[in-house]
Amino acid sequence: MTDTVRVRFAPSPTGFLHIGGARTALFNWLFARRHKGAFILRIEDTDTTRSTDEYIEAIIEGMRWLGLDWDEGPFRQTDRFDVYRSYADRLIRDGMAYHCYCSPEELEERRKEALAQGKPLMYDGRCRDLKAPVPGVAPAVRFRMPREGRTVVDDMIKGFVEFENWQLDDLIILRSDNTPTYNLTVVVDDVDMKITHIIRGDDHLNNTPKQIQLYKALGYETPKFAHLPMILGADKARLSKRHGATSVMAYYEMGYLPEALINYLVRLGWSFGDQEVFSRDELIEHFSFEHVGKAAAVFNPEKLTWLNSQYIMKSDPARLAELVIPFLVKEKIINEEASVDLAWLARAVVTLQERAKTLVELASSLRYFFSDPASYDEKAEAKFLNDKNLPFIVELRDGLRSLEDYSHDGIEKIFTALVERHEIKLGAIAQPVRVALTGGTVSPGIFEVIGIIGKETTLRRLDKAIDRIRSINPV
RNA sequence: GGUCCCAUCGUCUAGCGGUCUAGGACGUGGCCCUCUCAAGGCUAAAACACGGGUUCGAUUCCCGUUGGGACCGCCA
């Protein structure tokens, strides 16, 4: 390829950036970066009744979160209506388009009829050769589709796909209110923006021959096409709200890392041998349509979660500490105004990195680093905070109180001394202490926890537990 | 209904005629490690939709069948 690659992501702002759109954006982005080309963001907002600025913002927010940066745009098609109209005029002048006076209601009626009779749902072309305008009716403009021959789509993923021209509809390019429709604007913009490769969902494959005819009528070369297979829900139906979270930002809320989502999305349909985990640079280096599959893929949340846990495990603790703060606030573990010692938080994060699958989990596991247990897990208390264990806990507390070397090793020595003296297993003392310090039976290594929460807090929590055991089991 | 696309373990996939007693990953079961939980290691169960061809030989190529999906808007 000698020409500079230029690709675009062209969402319509009628909803949030969803999983499917994100993957389309990602593949465009990867292809552009791979070939050192340009990635253009274009907002297809010609449906003014359904498009909103809020959704534009939401889409941009989603792209930013995923780190899919664009080189040009965002362009808005509503800014270019005059351009599209001039192209439409040109087509009318050249006899490639014509005025259609059929009303939407009539068309809908005919569609229903055709469906009932099992006939193709196509425009019957009745205004195609009208000699004179119909008075008092504002016409739409239709493209005059050729009725002879065939159109072949040369697709980088699907190969050659052939269509009979007579089966292609005379599509509307200008509404009766003089606003342009998608099929016109997409072609005009891709021409004007010098798009070299159109990478989009394969739900557009059936539109492609019609658009190719538009390119021809306008006298332009067609770009290359790559139609990506759809992403399906667990029930094999196209991914939709019914399948739970489909907005990309919902994954932010659930505590996923953008690189995990990116990694998951790229492997949905693309592969590189047996490799599962990719850095962004590796993705850019290896991405190619040669290894994009043709079949639709089912979205599998478990695997995404696994990838997320992998990325959390490998993340820089300092970064994780910063990322987790909003979640700590949301979980009401800290106040919004509270200032947090990030270096200290990072130490706590290190102990939980390989235990948390999401930032939400990480945050909630962090709770006992910030505050004393409000209560003890019922079963855990019954099993471990009892008079049988009381002497050990007391002895350990005393040991820690007089400990001067309050380091991991120093703490460990207190434990091992106690374990040896009483010939018990480490678990026999570690678990009661864990319950006393965290309120439950699950936590990182107990020496780490003791070290991070600090001497004062440790002693206070042990004292609390001791008091409680004594009050419940009076001597 | 018409057109188009697709088809390897439950899921994501490797495989581009012989290397396939079909490989990896998620998930699931078991074992090991172990202060709990994880992580990690080992291990098990689990797939070429079906039927015809082509070929010395088909998971791989061709055709049908079946099954999924998409599109058929004055939506994009």
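Chain identifiers are assigned alphabetically (A, B, ...) following the order of the sequence lines, protein sequences preceding nucleic acid strands; residue numbering begins at 1 within each chain. Values below: every heavy atom of this structure, side chains too, minus hydrogens, waters and symmetry copies.
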Exercise for review: Go through the side-chain N and O atoms of A/Asn308 and A/Thr358 and say whether any donor and acceptor fall under 3.5 Å apart.
Suggested key: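 On atom types as modelled, these side chains do not qualify, holding no pair under 3.5 Å.
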Check your understanding: Strictly by modelled atom types, are A/Asp189 and A/Tyr84 linked by a side-chain donor-acceptor pair under 3.5 Å?
Key ->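 A/Asp189 vs A/Tyr84: donor-acceptor pair found between side chains.
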Atom pair distance, as rounded to whole Å: [atom1] in [X] and [atom2] in [N]:
{"X": "A/Glu109", "N": "B/rC74", "atom1": "CD", "atom2": "P", "answer": "14 Å"}
{"X": "A/Ile231", "N": "B/rG68", "atom1": "CD1", "atom2": "P", "answer": "21 Å"}
{"X": "A/Leu352", "N": "B/rA38", "atom1": "CG", "atom2": "C1'", "answer": "10 Å"}
{"X": "A/Ile429", "N": "B/rU34", "atom1": "CD1", "atom2": "P", "answer": "20 Å"}
{"X": "A/Asp235", "N": "B/rG68", "atom1": "CG", "atom2": "C1'", "answer": "12 Å"}
{"X": "A/Arg355", "N": "B/rU34", "atom1": "CZ", "atom2": "P", "answer": "15 Å"}

Roughly how far apart, to the nearest Å, are [N] and [M] at atom [atom1]?
{"N": "B/rA22", "M": "B/rG10", "atom1": "P", "result": "16 Å"}
{"N": "B/rG52", "M": "B/rC16", "atom1": "P", "result": "26 Å"}
{"N": "B/rU21", "M": "B/rU60", "atom1": "P", "result": "15 Å"}
{"N": "B/rC62", "M": "B/rG68", "atom1": "C1'", "result": "22 Å"}
{"N": "B/rG69", "M": "B/rU11", "atom1": "P", "result": "14 Å"}
{"N": "B/rC48", "M": "B/rG1", "atom1": "P", "result": "30 Å"}
{"N": "B/rU13", "M": "B/rC56", "atom1": "P", "result": "35 Å"}
{"N": "B/rA49", "M": "B/rU59", "atom1": "P", "result": "10 Å"}

Check your understanding: A/Asp192 and A/Arg80: salt bridge (charged side-chain N to carboxylate O under 4.0 Å, His left out), yes or no, with the steps?
Key -> CA-CA 11 Å; A/Asp192 274 8; A/Arg80 293 167 46 79; 2.9 Å; yes
Point to revise | Intermediate values then yes/no, salt bridge (charged side-chain N to carboxylate O under 4.0 Å, His left out), A/Arg142 and A/Asp170 | key: CA-CA 6 Å; A/Arg142 280 186 191 270; A/Asp170 279 4; over 6 Å; no
Check your understanding: Is the A/Phe272 ring parallel, tilted or perpendicular to the A/His286 ring (thresholds 30°, 60°)?
Key ->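 Because their plane-to-plane angle is under 30°, the rings of A/Phe272 and A/His286 count as parallel.
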Practice item. Answer yes or no: side-chain N or O of A/Ser176 and base N or O of B/rC74 forming a donor-acceptor pair under 3.5 Å. Key: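 Such a pair is found, so the answer is yes.
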**Study point:** Polar side-chain contact A/Asn207-B/rA76 base: donor and acceptor under 3.5 Å
**Key:**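 Pair found.
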If you take all heavy atoms of [X] and [Y], which pair is closest and at what distance?
{"X": "A/Ile333", "Y": "A/Ser364", "value": "CD1-CA, 3.9 Å"}
{"X": "A/Thr46", "Y": "A/Phe81", "value": "CG2-CE1, 3.8 Å"}
{"X": "A/Gly293", "Y": "A/Pro229", "value": "O-CG, 3.3 Å"}

Listed pairs, N/O of protein and of nucleotides 10-16 of chain B, under 3.5 Å:
from	atom 1	to	atom 2	distance (Å)
B/rU11	OP1	A/Lys236	NZ	3.3
B/rC12	OP1	A/Val298	N	2.9
B/rC12	O2'	A/Arg267	O	3.0
B/rC12	O2	A/Lys303	NZ	3.4
B/rU13	OP1	A/Gly269	N	2.6
B/rU13	O3'	A/Ser271	OG	3.4
B/rA14	OP1	A/Ser271	OG	2.9

Check your understanding: Should A/Glu282 and A/Arg280 count as an ion pair when the cut-off is N to O under 4.0 Å?
Key ->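 So A/Glu282 does not pair with A/Arg280 through a salt bridge.
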So [X], base contact, sugar-phosphate only, or nothing? Heavy-atom distance under 4.0 Å.
{"X": "A/Met313", "answer": "sugar-phosphate"}
{"X": "A/His227", "answer": "nothing"}
{"X": "A/Cys100", "answer": "nothing"}
{"X": "A/Ser51", "answer": "nothing"}
{"X": "A/Glu412", "answer": "nothing"}
{"X": "A/Leu205", "answer": "sugar-phosphate"}
{"X": "A/Gln275", "answer": "nothing"}
{"X": "A/Pro229", "answer": "nothing"}
{"X": "A/Phe163", "answer": "sugar-phosphate"}

Counting just side-chain N and O atoms, does [X] come under 4.0 Å of either OP1 or OP2 of [N]?
{"X": "A/Gln310", "N": "B/rG40", "value": "yes"}
{"X": "A/Arg111", "N": "B/rG73", "value": "yes"}
{"X": "A/Arg434", "N": "B/rC37", "value": "no"}

